[in-house]
Novice: 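Take a look at this one; I'll ask things after.
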Protein chains: 2
Amino acid sequence: MSERVTAERVIPEGGRRRRRPTKQGAVLSERLIVETALRLVAQHGAEALSVRRLGAALGADPSALYRYFRNTDALLLALADELIGRAQEGWRATGDWREDLRSMGLRIHACYLSHPQAAVLGAYRTTGRPHETAAVERILGILAAAGFPAPFAVRAYHAFIDQALAFAAQDAAALALPKAAREADEAVWNSVYGRLSADTHPHIAAAFPLLAADMRGSGYPFALELLLAAMAVALPAAAGS
Amino acid sequence: MSERVTAERVIPEGGRRRRRPTKQGAVLSERLIVETALRLVAQHGAEALSVRRLGAALGADPSALYRYFRNTDALLLALADELIGRAQEGWRATGDWREDLRSMGLRIHACYLSHPQAAVLGAYRTTGRPHETAAVERILGILAAAGFPAPFAVRAYHAFIDQALAFAAQDAAALALPKAAREADEAVWNSVYGRLSADTHPHIAAAFPLLAADMRGSGYPFALELLLAAMAVALPAAAGS
DNA sequence: TTTACACGTCAATGGTGTTGTCGTAAGGTC
DNA sequence: GACCTTACGACAACACCATTGACGTGTAAA
């Protein structure tokens, strides 16, 4: 009795042979699906992304997607990797590690914010896809060239990338909130924090104007600056760029 | 034609009169539901929290929950609010600003991680509720006592709190992932990053053992340490504690 | 003791991801 | 050009999800 190998439903991207159009005339591909999904999310919000709706947007039966992605999770990872790739497009190293890390961090942050709905879905995943590994390699390269010893470089890399992604996801989530909820959250600064008594909350009362102004923007640029400053301090003087 | 006011299904906590037991003998209450939900998440993982399963755990029909919460979103907010309270319980200042900020950051992070499903929703919102304002006041107080000038203190506060919440949300989201997806993400480190060629990805190949080990945990503790170090450097010597 | 209505229950609606099966047409081969 | 093989799109079904309207019971107030 021969052990029958279960036929894998998903054909890896290289091995595809047929390009049969759907009833509605669309010719599917991994690339088309990812782009359609991003467009769907951008136009109708993160909650609009379902296999059924994506199928409809593509002009195909929902189940056809399972020929390209094992499940929705695999699709999400593809979306996340696409975002990472777009963040790196056209990035050039200057040779100054601090400037390079700064520009890369700000790029990642900005790119995710420009697709907030998709960013929320993918920012906390490890995809292992090409764009991701390229980014990891690049950042480790910057740190190595700067002269950081390997154990420190690894921890610094971890802190740097997680902080970039975490802030990106957080700011994206705030942006992706339903309009009513977002406005309500912003109004809290004036309606609650602006009216706290100096007796019970002296420091908030004293700092309020500065605070309300600063909290309107993202905390990421300054947090990144602090991170880079701490790394510069830790860099052995002999290896300084 | 009189405008008929739609009867609200949810009775505010104060106005309840009857405590009718369910068929299985449970007497429901907002408090019991919140605690049961947190226990459900803690015991059976984040994906175990659904209205149907929560109803079953309570010994009640799932739809009975809608007498207490307008929808699942309201339930999750109640869970998140409960978490904020628990995070601050028993925290004491030591007078050492660096140690106090560290302990507060780690507490917030740890508390959110212990109930990831609720954390994912709560970390993105400005609630303006008492527990939140108390935390803001406390942190600003620590910074003021340390001697940071107000404009710097405000920016540092912003970076600190956003960093704590962003990392908490990010790590919680990873933890809240379905078990299969979480394990897949962890496996990627060995199956993809461990097998990258030194030709195409020299820095990853060189750093791999350190990298794989470090990426197993959260990047937050080290990122927080770097943030605190940078703040210490920026602190005017004359005002040092 | 009566009565009003809070609230638990039932049933139904319309959504979700996912899978087994099948037919068909696209490619490769001759 | 004819013939196979099989990739792949379509269909139908399954199990789960959140949510809601209707209903009757029994509790607590009067």
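Residue numbering restarts at 1 for every chain, and letters A, B, ... go by the order of the sequence lines. From a predicted model like this one, the values you see are computed outputs, not experimental measurements.
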Novice: Given atom CG of B/L49 and atom C1' of D/dC17, what is their separation to the nearest angstrom?
Specialist: 12 Å

Novice: Between atom CG in A/L76 and atom C1' in C/dT16, what is the gap in whole Å?
Specialist: 14 Å

Novice: C/dC10, C/dG17, D/dC11: which one has an atom nearest the side-chain heavy atoms of A/K23?
Specialist: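 The closest nucleotide is D/dC11.
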
Novice: Write down the atom of A/A123, the atom of A/A169, and the distance for their closest heavy-atom approach.
Specialist: CB-CB, 3.6 Å

Novice: Consider the side chain of A/R52, meaning its heavy atoms from C-beta on, and name the nucleotide among C/dC7, D/dA13, C/dT21 that approaches it most closely.
Specialist: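 Among C/dC7, D/dA13, C/dT21, the one nearest the side chain of A/R52 is D/dA13.
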
Novice: Taking CZ from A/F69 and C1' from C/dT19, how many angstroms apart are they, rounded to a whole number?
Specialist: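 Those two atoms, CZ and C1', are 18 Å apart.
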
Novice: Respond yes when some side-chain nitrogen or oxygen of B/Y68 is under 4.0 Å from OP1 or OP2 of C/dG8, and no when none is.
Specialist: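 Looking at the OP1 and OP2 atoms of C/dG8, one of them is under 4.0 Å from a side-chain N or O of B/Y68.
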
Novice: Starting from P on D/dC11, measure out to CG on A/L65 and report it in whole angstrom.
Specialist: 14 Å

Novice: Students often get this wrong, so: under 4.0 angstrom with heavy atoms, is A/S63 touching a base, only sugar-phosphate, or nothing?
Specialist: base

Novice: Ignoring the backbone of A/R53, work out which of C/dT16, D/dA18, C/dT21 is nearest its side chain.
Specialist: C/dT16

Novice: Out of C/dG8, D/dC17, C/dA25, which has the shortest distance to the side chain of B/L28?
Specialist: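 Among the listed nucleotides, the one closest to the side chain of B/L28 is C/dG8.
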
Novice: Do you see a donor-acceptor pair shorter than 3.5 Å between the side chains of B/E137 and A/Y193?
Specialist: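 Per modelled atom types, B/E137 and A/Y193 side chains form no pair under 3.5 Å.
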
Novice: Indicate the ring-plane relationship of A/F167 and A/Y220, choosing parallel, tilted or perpendicular according to the 30° and 60° boundaries.
Specialist: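 Aromatic pair A/F167/A/Y220 classed tilted.
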
Novice: Mind calculating the distance between CG (B/N71) and P (C/dG15) to the nearest angstrom?
Specialist: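 Rounded to the whole Å, the gap is 18 Å.
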
Novice: Check the distance between C/dG17's P and A/L54's CG and give it to me in whole angstrom.
Specialist: 9 Å

Novice: In whole angstrom, give the distance that lies between atom CD of A/Q24 and atom P of D/dG9.
Specialist: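 Result: 13 Å.
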
Novice: Of the options C/dG17, D/dG9, D/dT19, whose atoms approach the side-chain atoms of A/T72 most closely?
Specialist: C/dG17

Novice: Ignoring the backbone of A/D61, work out which of C/dA26, D/dC11, D/dA18 is nearest its side chain.
Specialist: D/dC11

Novice: When all nucleic acid strands are considered with a 4.0 Å heavy-atom cut-off, which category describes B/A64: base, sugar-phosphate, or nothing?
Specialist: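 If one applies the 4.0 Å heavy-atom cut-off, B/A64 turns out to touch a base.
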
Novice: Is it the case that D/dG9 (base atoms only) and A/R67 (side chain only) share a donor and an acceptor within less than 3.5 Å, ignoring hydrogens and angles?
Specialist: yes

Novice: May I have the distance from B/I33 (atom CD1) to C/dC7 (atom P), rounded to whole angstrom?
Specialist: 11 Å

Novice: Ignoring the backbone of A/T22, work out which of D/dC17, D/dT19, D/dG9 is nearest its side chain.
Specialist: D/dG9

Novice: Drop me the distance from B/N190's CG to B/R195's CZ, to the nearest 0.5 angstrom.
Specialist: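 Reported to 0.5 Å precision, the distance equals 8.0 Å.
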
